[in-house]
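Below: the structure, in structure tokens.
Chain letters run A, B, ... following the sequence lines, proteins first and then strands; every chain starts at 1. The model shown is predicted, which means the values in this text are computed figures rather than measured ones.
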Amino acid sequence: MRLHIIELVYLAAAMGFALSLKWMSSPPTARRGILAGEIGFVLAIGATLALPGFTNEGYIYIAVALLIGSAIGVPLGLLVPMTAMPQRIALSHSFGALAAALVGTAHYYLETTHLGKFELAVLGFEMLLGFLVFTGSLMAAGKLQELLPQRPIVYKGQNATNFAVLGAALVLIIVLVFQPGATWIVPIIAALGLAFGILLIVPIGGADMPTVIALLNSYAGLSAAALGLVLNNKLLIVAGALDGTSGLILSIIMCRAMNRSFRNVLFGAFGAVDETADGEAPTGAIRSASPDEAAEILKNSRLVVIVPGYGMAVAQAQHKVRELADALAKEGVEVRFAIHPVAGRMPGHMNVLLAEANVPYDQLYDMEDINPEFPQVDVVLVLGANDVVNPAARHNKGSPIYGMPILEVDKAQTVMVVKRSMRAGFAGIENELFYDPKTLMVFGDAKKVVGDLVNEVTGARDRVSL
Amino acid sequence: MRLHIIELVYLAAAMGFALSLKWMSSPPTARRGILAGEIGFVLAIGATLALPGFTNEGYIYIAVALLIGSAIGVPLGLLVPMTAMPQRIALSHSFGALAAALVGTAHYYLETTHLGKFELAVLGFEMLLGFLVFTGSLMAAGKLQELLPQRPIVYKGQNATNFAVLGAALVLIIVLVFQPGATWIVPIIAALGLAFGILLIVPIGGADMPTVIALLNSYAGLSAAALGLVLNNKLLIVAGALDGTSGLILSIIMCRAMNRSFRNVLFGAFGAVDETADGEAPTGAIRSASPDEAAEILKNSRLVVIVPGYGMAVAQAQHKVRELADALAKEGVEVRFAIHPVAGRMPGHMNVLLAEANVPYDQLYDMEDINPEFPQVDVVLVLGANDVVNPAARHNKGSPIYGMPILEVDKAQTVMVVKRSMRAGFAGIENELFYDPKTLMVFGDAKKVVGDLVNEVTGARDRVSL
Amino acid sequence: MSADIIITNLFVFALAGFLGLEVIRRVPKLLHTPLMALTNALSAIALVGSLVILGHAATTYSIIMGFVAVVASTINVVGGFLLTDKMLRMFKRREPPAARTQPESSS
Amino acid sequence: MSADIIITNLFVFALAGFLGLEVIRRVPKLLHTPLMALTNALSAIALVGSLVILGHAATTYSIIMGFVAVVASTINVVGGFLLTDKMLRMFKRREPPAARTQPESSS
Ligand SMILES: NC(=O)c1ccc[n+]([C@@H]2O[C@H](COP(=O)([O-])OP(=O)(O)OC[C@H]3O[C@@H](n4cnc5c(N)ncnc54)[C@H](OP(=O)(O)O)[C@@H]3O)[C@@H](O)[C@H]2O)c1
Ligand SMILES: NC(=O)c1ccc[n+]([C@@H]2O[C@H](COP(=O)([O-])OP(=O)(O)OC[C@H]3O[C@@H](n4cnc5c(N)ncnc54)[C@H](OP(=O)(O)O)[C@@H]3O)[C@@H](O)[C@H]2O)c1
């Protein structure tokens, strides 16, 4: 009886998860979505604790573990700056995956004798996936946090190695299926999974990390679902399936936006390798301007479009940017924000940053909506964006980003680019836009430069209003 | 083993059903949707026939039954005119429901001894629902086909009677749960279900039938799902659930469009009764015109909006209407169609008819899109529509349709109404629009009138082109 | 039947219902009549159950009931699909294609 | 475990996956980062399994593994939800409300 009530509570929890994703479909309902998800988890945990067979010491351990977990989780959730979001997400992925992997392993050792072929196969798959996502996510986090080299690390026979490792793991799983008692196999599978996770990420450039993270998310979902199959726990299955599809869709969307073949990313390295080959470097003189010159031009224009990029995130310049937009608006200048789907390091990265700075989200324009309008735009202010405004994507077949849809800022009357140097963006390629005669480079840290611009503009207004 | 393969085939079939509904989300994919649904059914039938325990005579019976069913189904599917669609759908609902009810009953008698409490309860509910939908759908079909009186039949103590019947049935189900062996109960439940189906529809006006049909559809889905619970057949559960929600959503949409409280319809009669009370009848002179006068006006205008209604369906005038639209277009007149969500007798009824007449569907405008434009419209041609253009819905609090969103044709420069008489529409109420000084009545059968209009317009063109 | 099975089936029911809500909500007004026809066909899924009853041909009663059930639901299925198909075949769009009835992009 | 259970679970998996596709497809670009954070939290559902392992406290090994698992997944869950909530609280819209990020009406 009790078991059945628990099952029903699980059902409620599953519905809660589904609702939480459904409600993410619009900002007004999104908060409710979180609530639904949280309720789902509370129900899930409560019901689980009500399961029979828990020992008293077990409950104590659980209490301690939950406390420790929360103690670490709360700061991780609240203190991490928005700019560190991608690595933050990657990191906590690794935790979830680790848990899944360990549960699978423990289950194997506890139930060894009672496991059927199907369960063993799924279990092996689940452990492999779990450990793989664990190290993979750690690697991804490291690369994004720049603890590890961003650039792809490639060596001869790389694919061979990867396939070998993967193959070995699969073979061992098959062996396990037919020799359930061969407990020595499991640690090896685990080791191979851990190794494969690393090998898989090593050759992938930083620019692909977000895609990889979404993909790892979907793997994590799969392993959760697999665990659910083994434990015959439908809640795990549902949550895993929802999670898996979501990760999958997000990575597909990202690939589209960067027009990378999904296959490439799906198999991680295997193909992403040539990502960083340079197109022929553009040359010529560049025009640079000082903030006060820039401010002059800005406040004498009718329509200004601000294109934020990863640089704004690094510089934490979003609040200053908001001030600038307001100041210009006061000057009677119309200001819009153009958001490239993969600007920054996560899908929607810029949206979150600008939201943090209280920029109303209906002031942000998607690429499709704004591109046709650039010819009417007086000034485009490119703030620490680079690849997403690189015209090479349109015409330079040699360029690695060729074909990726970009914000066509070079169609505007004037382009101002705020960045610290001539250094390349994440894709690691030159950007001819900077050499375009209509382009003005304003060198410096985004936050600093924008701050100056604000002062110039407002200062100017004060004089006027005398 | 075999059983498991069958289960997997059922899973595939279920996915097919889900896909078929998903693909109905746009005309280009809709055809594919049908295919998915058909494949789903083929798989379902094939897998079922592969189940063990079928006797040879059984297979023979099945073959015969399938043949007979198809022999009747084909003409029913191909020959029924589009105008008879609602009753057609109601009719075939009754068949499906009958099948569900009979299967439930037979299952009870075959398994009496092995049935648990839960199954008995669900089974009772399933039978009640099935038989209820059976007679209910027949009634609805009858009313729509005008074999039965359209007007609600109300008598004192009606609700009491209905509740009594329903209550009795529920009580008997409870008894059955505790005395599985009491086989005498089942026929009574069946009888009560059949009776309740009739009682439920009797007091509902014809205008509510389509809503009722959608609702019965959703009930049918529920009973299928219930059957699935009893037979532990997940395919039935999935199909039933999909079906149930779809019917539910459609009826809610219809209620919104006619702003009837959903509760009213959900409990059928219970409340719909006052539907036909008249608002105060408008009076005054009416202006009527002959087809040739009308044609004159039409072809000298720039923008004409055609508002089709149930009358067009009755008169089968859709093809002529298309001709008229083309003829006017040749005269340089811009022609649009304004479709009210509940024009006709089914949601989307007009869309189907006009599609049948090859009117491209992007020439049809939804109410929300066209309403703001009426002030710029020279002539609105109201073709056998009535309630959906009745201004009383906007201002006459007394009117039963008060608050129902309508096509605001009275805002246009000129309104032409084509109908046979001054008789009321489905809601059975007067329409002040006909007495509006800017309105011209063109009396006659829609097909005939529109035919004349076409001749006038084209004829005129020929003269011009001499 | 064991309560586990019942609960699993409730899971299936809940998920399918949720899925139904999500997909049906996206069907444009334009296609509501075909949708009704299609779901009408689907509602005859009881055919599966009918086949089992008739196939076992256990008792005269069950044979009669099963026979009627199979015939009835077959009518519903066959008729329903033919009808829906017939309707949909009529829906045409004028060139150049307009976007208003397209599904929104997956992003 | 009996094949029936496995197959039922496949049903559940398939339906949930389908449902996932349908709902996620509707999430606007605007909310993709919060979505990632949310699904990240959900992906720690292994917490349920971890609790069972640790709760039974069967062997030292299982206790250690379970303990680590519970801690790890709790971090993920707690952190994930807090983060998502923090993000979403930032999203504001300017008056008057514009419609572009609204979900489309249910018809
Ligand atoms: N968003 C996603 O989901 C996603 C996913 C996968 C890959 N990516 C990749 O990430 C890239 C995003 O393009 P993006 O244009 O946004 O960024 P980007 O191409 O990486 O360029 C960022 C630029 O900002 C400048 N910058 C860095 N710190 C700065 C600071 N403190 N102040 C001012 N400028 C600073 C850098 O130039 P300096 O060093 O000279 O200052 C750099 O050129 C694309 O290649 C995209 O494919 C994104
Ligand atoms: N579509 C749905 O899903 C749905 C669902 C539930 C209820 N309804 C109800 O159905 C009604 C639909 O409104 P409606 O304006 O489309 O139709 P209506 O209000 O029923 O009016 C139809 C009009 O067409 C005229 N007519 C009938 N046969 C004709 C013929 N052969 N030639 C010319 N005219 C003819 C009739 O007037 P004469 O007799 O004078 O010719 C009648 O006034 C609404 O009340 C709506 O609430 C619709």
Side-chain angles (χ1 to χ4, degrees), chain A residues 17 21-22 24-27 30-31 34 38 44 48 53-55 57-58 61-62 65-66 68-70 72-73 76-78 89 92 95-96 98-100 102-103 106 110 217 220-221 224 227 229 232 234 236-239 241-243 245-246 249 341 346-348 351-352 355-356 360-362, chain D residues 1 5 9 12-13 16-17 19-21 23-24 26-27 29-33 35-36 39-40 42-46 48-51 53-58 62 65 67-85 87-88 90-94 98 101-103:
Chain A
F17 293 157
L21 290 179
K22 171 187 169 55
M24 287 300 280
S25 60
S26 84
R31 293 289 301 282
I34 307 282
E38 286 165 347
T48 309
F54 279 40
T55 68
E57 55 168 345
Y61 292 138
I62 288 177
L66 287 176
I68 299 178
S70 314
I72 308 175
L76 206 60
L78 295 181
I89 289 181
S92 82
F95 290 131
L98 177 63
L102 288 178
V103 174
L110 293 174
N217 185 348
L227 193 59
L229 279 177
N232 182 23
K234 287 167 198 56
L236 278 170
I237 296 175
V238 173
L242 291 173
D243 202 30
T245 44
S246 138
I249 293 181
M346 285 185 304
N351 304 84
V352 181
E356 183 189 10
Y361 58 74
D362 44 4
Chain D
M1 151 177 28
I5 299 184
N9 289 335
V12 173
F13 180 74
L19 180 58
L21 281 172
V23 289
I24 304 283
R26 314 292 170 183
V27 179
K29 283 198 190 72
L30 178 69
L31 292 177
H32 276 169
T33 296
L35 175 64
M36 273 181 107
T39 51
N40 169 253
L42 294 188
S43 72
I45 186 66
V48 170
S50 326
L51 289 173
I53 299 287
L54 183 53
H56 288 81
S62 76
M65 293 195 195
F67 194 86
V68 179
V70 173
V71 172
S73 43
T74 311
I75 296 175
N76 190 343
V77 176
V78 174
F81 276 116
L82 286 174
L83 178 66
T84 320
D85 192 54
M87 272 189 221
L88 287 176
M90 301 183 311
F91 282 88
K92 302 196 188 42
R93 83 123 54 71
R94 158 183 58 189
T101 49
Q102 293 303 317

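Comparing A:R31, A:K234, A:E57 by heavy-atom pairs within less than 4.5 Å of chain D, the highest count is held by A:R31. Your options are A:L242, A:N217, A:I68, A:L76, and the one with the most heavy-atom pairs under 4.5 Å with chain D is A:N217. Across D:G55, D:G20, D:A69, the residue that shares the most heavy-atom pairs under 4.5 angstrom with chain A is D:G55. Ranked by heavy-atom pairs under 4.5 Å with chain A, the list D:I75, D:L82, D:V78 is led by D:I75. Taking chain D as the reference chain and counting heavy-atom pairs below 4.5 Å, the highest number among A:G221, A:G96, A:A220 is found for A:G96. With chain A as the partner, the residue from D:T39, D:V23, D:V68 showing the most heavy-atom pairs under 4.5 Å is D:T39. The candidate from D:V12, D:L88, D:L19 with the greatest count of non-hydrogen atom pairs under 4.5 Å with chain A is D:L88. Chosen from A:A65, A:A241, A:A100, A:A44, the residue pairing most often with chain D at heavy-atom distances under 4.5 Å is A:A65. Contact tally against chain D (heavy-atom pairs below 4.5 Å) for A:S70, A:S92, A:A224: the top residue is A:S92.
More than 12 heavy-atom neighbours from other residues, nucleotides or ligands sit within 6.0 angstrom of CZ on D:F81.
The two residues A:V103 and D:A46 have their closest heavy-atom pair at CG2-O, 4.1 Å. The shortest non-hydrogen separation linking A:Y61 to D:F67 is O-CE1, 3.6 Å. Minimum interatomic distance between D:H56 and A:T55 (heavy atoms only, all atoms of both residues): O-CG2, 3.6 Å. Contact between A:L98 and D:A72 at its shortest, heavy atoms only, is CD2-CB, 4.4 Å. When all heavy atoms of D:M36 and A:I89 are compared, the pair lying nearest together is CB-CD1, 4.0 Å. When every heavy atom of D:T33 is checked against every heavy atom of A:G348, the shortest pair comes out as OG1-C, 3.2 Å.
Put simply, OG1 on D:T84 and CD1 on A:I34 are 4.5 Å apart, with the number rounded to the nearest 0.5 Å. Atom OG in A:S26 sits 9.5 Å away from atom CG in D:L30 (nearest 0.5 Å). Note: A:L102 CG to D:L54 CG = 11.5 Å, rounded to the nearest 0.5 Å. Expressed to the nearest 0.5 Å, how far CZ of A:F95 lies from CG of D:N40 amounts to 10.5 Å.
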Practice item. Check the pair D:L42, A:L21 against side chain to side chain contact (heavy atoms under 4.5 Å, CB included), reporting the backbone distance first and the verdict last. Key: CA-CA 10 Å; D:L42 294 188; A:L21 290 179; 4.2 Å; yes

Check your understanding: So A:N351 and D:H32, side chain to side chain contact (heavy atoms under 4.5 Å, CB included) or not? Walk me through it.
Key -> CA-CA 9 Å; A:N351 304 84; D:H32 276 169; over 6 Å; no

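With A:S25 contributing its side chain and D:V27 its backbone, the two residues share no donor-acceptor pair below 3.5 Å.
The part of D:I53 that comes within reach of chain A is its side chain, from C-beta onward, which places non-hydrogen atoms under 4.5 angstrom from that chain.
Residues passing the side chain to side chain donor-acceptor pair (under 3.5 Å) test with A:S246, sequence neighbours excluded: none. Listed by chain and number, the residues in a side-chain contact (heavy atoms from CB on, under 4.5 Å) with A:A239 are A:F17, D:I45 (sequence neighbours excluded).
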